Amino acid sequence: MATMIQAESVSTSLLKGRAFVDVKEIPNASRPALLIVHNDGEEDIVSVFADVLGQSWTSAASMDEVRAGINSSIYGLPHSLVGTQVDGWDRSRLVISAHCVDGEHRHDEALTERCDYEYLYTKTPFFRRDVARFLGFILGQLNPHRDLSKKPRTTLISTTFPDVHAALPNLDILSVGADAIELRVDLLKEPLPDGGFSKVPSLKYVGEQLMILRQRTELPIIYTTRCTNENGRFPMDDPELFYKYLRCAMQWGCEYIDVELWLPENIRRKLAERKGNSKIISAFHDFSGTFKWTAPEAQQLYERGAVYGDVVKMYVMIQSMQENYELEYFRSTIQTKYPYPPFSGLNMGPTGQLSRTLNKIFTPITHPLLPLIAAPGQLSAAEINIALHSMGQMPKLDIYGIGTYRSASQAMFFEKCFNELSLPHQFMFAERAPKASMENIMRRPNFGGAFVNPPLAASAAYLPALSNAARTIGQVDTVLVRSENGQPTFIGENATWKGIRATLSRDFVPSAYSGRAALLLANAEADAAASIFALKSLGIGPIYTIGFKTQGSLAAEVEPVRSVEDVKRLEQPFVIISALPAEKSLLVVPLLKHYRVDGRKGNSNGNSNGQGAAKGKPPGKVFVDLASGPRKADPLTVATSAGWTAYGIADVSAWTTVETIRLLVGQNVCYDFVRLASGRGLY
Ligand SMILES: O=C1C[C@@](O)(C(=O)O)C[C@@H](O)[C@@H]1O
């Protein structure tokens, strides 16, 4: 059975001396069992699902056939053949209704209700990565909430557009610094044929709006139906309306659902019972101006919210500064008494702005490009950072880029992010030259961390602590400064493996890799170590290497290929990564051709045209080329025409930059923004 490195389960600051590698058996390497009910004539979507899952698929004509089928195959059943069969379904598979919103297909709400999930998609254009995100989330293979829980501060951008299309051109900029994006469903305005707008947007309209938003952002989505009493537009006369809309959000795979605390208990309970992997934000707003944080009711409200909430949010309108202090006292009391669920507490109105800077859990932010602020007193991410700095909560730091000339362009990108977010920090670039210069830089008074390219050896004496990843890979590409008992301490991290892993999981869910073979080409182990770590974190099976041998902690299940004969007898690799330098990168071409994926046209940079595996054919495979710099020809082109899903260094570097910025300054900057703002010249 394959082994998987549990990179995230281990504390990030392990002392160097403790040399253990946490390699764990995958608890469940089996492939998910799914039934996809699709529109008639839209069988292609089943092939895409199967491809994203790395599984084969079969077209069925009845539920009985599906029931008798093999678990590891994905089954597709046309809508017209389902009839009432889904009613008596034995739940041996998750049932997903895949509905194409283009053209003439009727949306069958009654069917959606009986399925576990619903996937809405359009073919103009089609986004394969959205399928990967949807499946990864509903199957519990991606866990954005767990990732966000580790961040010291989180924010959400509340979008207030009547139609999400208006947000799209600026979405990448709007969401710089946001950890999640809120869809204010109650503010959506569905146009009616008579030129007016419906009081409540239809589920069809809402579903399509959500689909469009999710296609264009990688941020987790918070789905909110704010009621009229709490500064929203959803009517309160029928609580079942909320149930209906919120339940659909869960079926659509929204990461967070905002559930207002005034809703009857049975509705909140039913939602909690059926939430799957979605998280509930219990929401309470008081605009009366009479709420008191000091009253016993405040704690009772938190406790009620905590029954079904994964986050409890309490936002109240205030008039006096004193109420900010009372909220902070309440916050510290609650956090001491109840470490879980996290508390998001704010005071609304201009006087409450102080609390918007002090709250650390899902602070709502706005952006000058939004049509209106979602609530009185809302601040932008930049305004919050300025305020934190002026209150001494965000000291000015010198963040370094240390390395060769080429990474200087990355420096410009960092500066751009600092400006966009009004961070007080300064970016400095330093050539890595004379011995010990690294130590000198680290000793400078305002040193706030660095990215280092090419990476440092993890054994460097001046790095007292290492993350599990950095130690196992043997390389440090990011130096973090954390305070321990008031003293700065340095931690060596590795962000590159995360960039590789994020690239690999863009168009395929993690389980697509589990137990499968990989082929890795490099001149030396050091060039391939981050890739090996990333592959092992996905539970990949045997890793075959060409051009180098592995030793030490990464060597388990890694086998060198010695001859052409070896290549012939190898298990077909699901992924090939080339860490060869640019001048040698064409050496991979014969392998890409040899292991070509018949009957499938691959995609470049993950922009799939929606074509998946042909029926009965093996699913697609992944090629990553880590070479940068000029070369005679591009293996990505060959890979794509041989049916591989291919990524280049620009993808990996952009994901690595996302991770580096998170590590160094705690801010979330989306991949698309990195690609957009870095221009062509960065990588
Ligand atoms: O609950 C909240 C918080 C909010 O009301 C604010 O005060 O910023 C803004 C809303 O969009 C969001 O749903």
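Just so you know, ligand 1 is whichever comes first in the structure, and atom 1 is the first atom listed for that ligand. Since the model is a prediction, treat every value here as computed from it, not as a measurement.
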Legend entry - Atom indices of ligand 1 within 4.0 angstrom of Arg226 heavy atoms, with elements: 1 (O), 2 (C), 12 (C), 13 (O)

Inset, instruction - Tell me yes or no: between the side chains of Tyr338 and Glu303, is some donor less than 3.5 Å from an acceptor? - result: yes

Legend entry - ligand 1-proximal atoms of Arg356, by part, heavy-atom distance under 4.0 Å: side chain

Legend entry - Side-chain H-bond candidate by donor/acceptor type, Tyr315 with Ser344, under 3.5 Å: yes

Inset, instruction - Considering heavy atoms of the protein only, find what lies nearest to atom 10 (C) of ligand 1 and give residue, atom and distance to 0.1 Å. - result: Arg184 NH1, 3.4 Å

Inset, instruction - Considering heavy atoms of the protein only, find what lies nearest to atom 9 (C) of ligand 1 and give residue, atom and distance to 0.1 Å. - result: Gln378 NE2, 3.5 Å

Inset, instruction - Give the numbers and elements of all ligand 1 atoms closer than 4.0 Å to a heavy atom of Pro364. - result: 3 (C), 6 (C), 8 (O)

Legend entry - Six-ring centre of Tyr243, Lys270 cation under 6.0 angstrom, axis tolerance 45°: yes

Inset, instruction - Could you list the atoms of ligand 1 found under 4.0 angstrom from a heavy atom of Lys313? - result: 1 (O), 2 (C), 12 (C), 13 (O)

Inset, instruction - Could you list which atoms of ligand 1 come closer than 4.0 Å to a heavy atom of Ser158? - result: 11 (O)

Inset, instruction - Could you tell me if any non-hydrogen atom of His285 lies under 4.0 Å from any atom of ligand 1? - result: yes

Inset, instruction - Would you confirm whether Asp286, through its side chain, and Phe291, through its main-chain N or O, come within 3.5 Å as a donor-acceptor pair? - result: no

Legend entry - Glu323-Ser320 side chain donor-acceptor pair, cut-off 3.5 Å: yes

Legend entry - Contact atoms of ligand 1, heavy-atom distance to Met348 under 4.0 Å: 7 (O)

Inset, instruction - Considering heavy atoms of the protein only, find what lies nearest to atom 11 (O) of ligand 1 and give residue, atom and distance to 0.1 Å. - result: Glu182 OE1, 2.6 Å

Legend entry - Contacting atoms of ligand 1, where contact means under 4.0 angstrom from a heavy atom of Ala374: 9 (C), 11 (O)

Legend entry - Protein heavy atom at shortest distance from atom 6 (C) of ligand 1: Ala375 CB, 3.1 Å

Inset, instruction - May I ask you to check if Lys279 and Tyr256 form a cation-pi contact, with NZ or CZ under 6.0 angstrom from the six-membered ring centre and within 45° of the axis? - result: no

Legend entry - Sidechain N-carboxylate O distance under 4.0 Å for Arg153, Asp179: no

Legend entry - Axial cation check for Phe508 ring with Arg128, 6.0 Å and 45° limits: yes

